[in-house]
Amino acid sequence: MATDGPDPLKDALALQARVRGLRALLELQRWQIEVLNKRLYSPEPGGVAARRLLVLKRSEKEAKFKVPKSVNDP
């Protein structure tokens, strides 16, 4: 029996495989976020130092992008 239309079972299996892959990627990203949070917000002294360093780097970046006033600006 040959049909010219789409195969719903084949489509469902392909969709199921894509969902499985996306779930695996989501779990990987969740794990990466947990690791980064543990590093940045650790109660240990190293974690506190890392947080302070991150704040300093961000403040330096913001300071670099300020528009300088020209000589004729009030």
Side-chain angles (χ1 to χ4, degrees):
M1 178 172 133
T3 60
D4 292 336
D7 184 7
L9 181 59
K10 188 176 180 181
D11 292 345
L13 291 173
L15 181 61
Q16 186 181 30
R18 289 180 68 189
V19 168
R20 243 185 269 125
L22 289 172
R23 281 186 180 159
L25 285 174
L26 182 62
E27 285 300 316
L28 174 64
Q29 288 179 342
R30 183 177 293 144
W31 174 79
Q32 289 173 334
I33 289 170
E34 287 175 9
V35 169
L36 288 173
N37 278 335
K38 285 178 186 175
R39 287 183 187 170
L40 290 175
Y41 302 109
S42 173
E44 299 173 6
V48 173
R51 249 191 335 267
R52 289 180 182 161
L53 183 60
L54 184 63
V55 169
L56 278 173
K57 285 185 176 183
R58 284 183 181 163
S59 65
E60 286 176 357
K61 276 186 179 180
E62 291 172 0
K64 287 181 184 177
F65 292 114
K66 289 184 180 176
V67 178
K69 288 188 173 185
S70 81
V71 178
N72 295 330
D73 284 346

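A quick note: this is a predicted structure, and the numbers were derived from the prediction, not measured.
- Between L25 atom CG and R30 atom CZ the span is 12.0 Å, to the nearest 0.5 Å.
- Taken from NZ in K38 to CD in E34, the straight-line distance is 6.0 Å, to the nearest 0.5 Å.
- In this structure, I33 and N37 have side chains that are in contact, with non-hydrogen atoms separated by less than 4.5 Å.
- Under a hydrophobic-cluster definition in which Ile, Leu, Val, Met, Phe, Trp and Tyr are linked whenever side-chain heavy atoms come within less than 4.5 Å, directly or via other members, W31 and L26 are assigned to different clusters.
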